[in-house]
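The chains referred to below are lettered A, B, ... by the order of the sequence lines, with proteins before strands, and numbering in each begins at 1. This one's a predicted model, so the numbers in the text were calculated from it and none came from an experiment.
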Number of protein chains: 2
Amino acid sequence: MNLNKYNQIYQEISSDISGGKYKKDDVLPSEHRLVETFDVSRETVRKALNLLQENGFIQKMKGKGSVVIYNPSMDFTVSHLTSFKEIQQLKTKQYSTAVVELKRYPAEQFPKVMVALDLAPEDKVWQLIRQRKYEGKTHIVDMDYFTVDMMPGLSIQVAEDSIYEYIEKKLGLTIAYSHKEITFDAMTEHEIELFDHNDLSYVATVRSVVHLNDARPFQYNISKHLASEFKFVDFSRRFHGD
Amino acid sequence: MNLNKYNQIYQEISSDISGGKYKKDDVLPSEHRLVETFDVSRETVRKALNLLQENGFIQKMKGKGSVVIYNPSMDFTVSHLTSFKEIQQLKTKQYSTAVVELKRYPAEQFPKVMVALDLAPEDKVWQLIRQRKYEGKTHIVDMDYFTVDMMPGLSIQVAEDSIYEYIEKKLGLTIAYSHKEITFDAMTEHEIELFDHNDLSYVATVRSVVHLNDARPFQYNISKHLASEFKFVDFSRRFHGD
DNA sequence: GAGTGGTCTAGACCACTTG
DNA sequence: AAGTGGTCTAGACCACTCC
């Protein structure tokens with residue numbers, strides 16, 4: 001898809017790192033070298049390297065070079081989806097999805113959703129409830145809200161497959177960013193039912209509002225994870241700006 | 001500190017947004033305009049705008065402009081520290097810090113720490129345990145491990161003030177990035193003591209390994225938060241790279 | 001001093017949005 | 001057609017590291 005040069009360079013180097021061609025603590029070829037091998041300008045190489053740095057593959061050091069900090073084995077420590085990266089990987093895991101409910105409601109029914117999705121009281125929203133099961137046991141219960149006007153064709157079919165593929169491939173919309181919040185809560189009665197088991201009645205709650213690349217709020221998601229099975233992993237860089 | 005141009009522009013615009021000069025859904029002046037007002041080249045303006053976008057202040061739209069997506073009121077939804085941003089803000093909150101323990105151990109005593117900090121079995125590490133109290137109640141228990149060689153002068157004094165200031169101002173080291181992992185766990189006996197109360201015996205555990213800008217691992221931190229008081233907030237962008 | 005990454009410039013061409 | 005952001009270039013000067 002992405003035909004620009006710095007992205008191609010990013011792809012090539014990041015898969016070289018994931019694939020083991022460059023290992024942790026290796027130093028990448030210098031920017032000057034990369035300019036030669038890829039036959040592009042230096043700023044283009046630098047865009048690719050900055051992407052690699054932001055995404056936790058390398059650390060650039062003035063006067064030294066770009067050192068690989070990524071260890072492929074870290075990939076497998078992630079057990080459940082909470083980030084976009086993991087959402088994309090959902091299909092590769094053995095979760096089965098069961099749709100519990102898919103209904104239209106007036107937005108005023110859910111005040112928080114109404115505010116988050118920037119809707120009028122009489123606007124219609126989809127409420128979608130799904131169980132994510134692993135080896136027959138429900139690990140995650142997802143509660144989603146979408147603006148009906150933006151997703152006229154939502155169906156149980158689609159909800160059982162990938163909603164994100166439907167959004168991006170069929171509707172031609174582009175997901176851009178999200179705000180997320182994680183808390184720890186006791187299960188409600190309804191949740192105890194949905195998790196159909198009762199040895200531990202606590203959940204990790206991930207609430208998020210997902211926006212498109214035109215900044216429209218698109219999805220309000222409440223994802224309840226069995227607390228004992230939940231793990232959130234994150235890579236972050238410190239911002240030095242003063 | 002940071003004397004480069006794009007950072008100054010970033011600072012100016014981000015504080016204009018935080019301060020309410022630009023409100024949510026406002027459109028920033030075009031890149032062309034900003035080039036004129038700041039008297040810099042376009043790529044420099046673009047670096048500042050890209051920073052604003054990465055940090056959740058604006059969304060850039062081809063053909064339209066840069067729209068403000070940041071709402072200052074979101075700032076106050078954060079209740080506890082989990083990110084670098086919040087660590088920097090710790091001093092502005094009314095936590096008091098009590099040092100429970102500060103001792104040297106051979107690294108082999110803590111195998112996970114030894115691996116994470118890349119140490120030999122006989123290398124020495126500091127173990128530091130601190131309670132963070134709010135209105136007399138312990139909300140957070142921090143367990144930290146540092147390489148003694150890198151922090152020869154660590155003391156209870158320093159541990160009660162800001163360790164990060166000591167690291168960056170006194171030792172001249174620069175924090176660059178960290179890997180973080182959040183889980184929810186039942187309290188251990190020791191933790192029940194340290195939290196000196198027992199209405200809810202669950203904690204949110206944030207484990208992180210912090211690295212310097214030369215990629216050396218520096219700190220292994222286990223931060224236990226009273227589960228009922230814990231909230232982690234996050235802004236993230238989806239990467240579109242294929 | 002040679003090599004590395006960090007910042008900045010002036011200009012070009014393109015794709016998208018809006019009238 | 002005019003205005004917007006996205007990509008890319010060729011070159012410059014600087015700060016840092018290592019020998």
Side-chain angles (χ1 to χ4, degrees), chain A residues 1-11 13 25-54 57-69 172-174 176-177 212-216 237-241, chain B residues 1-11 13 25-54 57-69 172-174 176-177 212-216 237-241:
Chain A
M1 280 290 158
N2 241 309
L3 12 68
N4 59 12
K5 297 185 183 177
Y6 70 82
N7 239 303
Q8 285 175 33
I9 298 172
Y10 171 84
Q11 293 301 334
I13 298 180
D25 296 329
D26 283 357
V27 179
L28 293 188
S30 73
E31 296 181 350
H32 177 66
R33 275 244 162 279
L34 293 172
V35 163
E36 290 173 345
T37 47
F38 290 105
D39 192 30
V40 295
S41 74
R42 190 171 157 225
E43 285 290 2
T44 300
V45 163
R46 286 178 53 72
K47 274 183 191 168
L49 293 179
N50 285 335
L51 267 184
L52 289 166
Q53 172 158 288
E54 282 162 31
F57 286 101
I58 64 171
Q59 174 70 21
K60 302 171 80 177
M61 282 174 285
K62 206 183 293 190
K64 289 189 183 168
S66 298
V67 176
V68 175
I69 62 173
L173 303 172
T174 305
Y177 61 94
L212 303 175
N213 65 352
D214 61 4
R216 277 183 297 171
R237 293 199 158 268
R238 185 170 195 188
F239 179 61
H240 286 97
Chain B
M1 281 290 159
N2 239 310
L3 12 70
N4 59 10
K5 297 186 183 178
Y6 70 83
N7 239 302
Q8 286 175 34
I9 298 172
Y10 170 85
Q11 293 301 334
I13 298 180
D25 296 329
D26 283 357
V27 179
L28 293 188
S30 73
E31 295 182 350
H32 176 66
R33 274 243 162 281
L34 293 172
V35 163
E36 289 174 344
T37 47
F38 290 105
D39 191 31
V40 295
S41 75
R42 193 174 155 222
E43 285 290 2
T44 300
V45 164
R46 285 178 54 72
K47 274 184 190 165
L49 292 178
N50 285 335
L51 267 184
L52 289 166
Q53 172 158 288
E54 282 162 30
F57 286 102
I58 64 171
Q59 175 69 20
K60 302 171 79 176
M61 283 174 284
K62 205 183 292 189
K64 288 188 183 168
S66 298
V67 176
V68 175
I69 61 173
L173 304 173
T174 305
Y177 61 93
L212 302 175
N213 66 351
D214 61 5
R216 276 184 297 170
R237 294 199 158 267
R238 186 169 195 187
F239 180 60
H240 286 98

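On the nucleic acid side, DNA chain C contacts chain B at distances under 4.0 Å to non-hydrogen atoms, with the end points of that region at C:dT7 to C:dT18.
With sequence neighbours left out, the side-chain contact (heavy atoms from CB on, under 4.5 Å) criterion links A:Q8 to no other residue. With sequence neighbours left out, the side chain to side chain donor-acceptor pair (under 3.5 Å) criterion links B:D25 to no other residue. Residues satisfying the side chain to side chain donor-acceptor pair (under 3.5 Å) criterion with B:E31, sequence neighbours excluded, are B:R42, B:R46.
Defined by atom type and a distance below 3.5 Å, a donor-acceptor pair is missing between the side-chain atoms of A:Q59 and B:R216.
Going from atom CZ of B:R42 over to atom P of D:dT4 covers 10 Å, rounded to whole Å. For the pair B:R33 CZ and D:dA2 P, the computed distance is 17 Å after rounding to whole Å. Atoms NZ (A:K62) and P (D:dA15) sit 9 Å apart, rounded to a whole Å.
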Under 3.5 Å donor-acceptor pairs involving side-chain atoms of residues 60-69 of chain B, not counting sequence neighbours:
from, atom 1, to, atom 2, distance (Å)
B:K60, NZ, B:N50, OD1, 3.1

Trace of the side-chain contact (heavy atoms from CB on, under 4.5 Å) decision for A:E54 with B:E54
CA-CA 10 Å; A:E54 282 162 31; B:E54 282 162 30; 3.4 Å; yes
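In this structure the side chain of B:L34 never reaches within 4.5 angstrom of the side chain of B:I9, judged on heavy atoms. Residues B:R237 and B:Q53 form a side-chain contact, since some pair of their non-hydrogen atoms from C-beta on lies under 4.5 Å apart.
In DNA chain D, the stems built from three or more successive Watson-Crick or G-U pairs (distances below 3.5 Å) are C:1-18 with D:1-18.
With DNA chain D read from its 5' end, the first of the two nearest nucleotides for B:S66 and A:V40 is the one closest to B:S66. Between B:G63 and A:K60, the residue whose closest nucleotide on DNA chain C is further toward the 5' end is A:K60.
For B:S30 and D:dG3, the shortest distance from a side-chain N or O to OP1 or OP2 is not below 4.0 Å.
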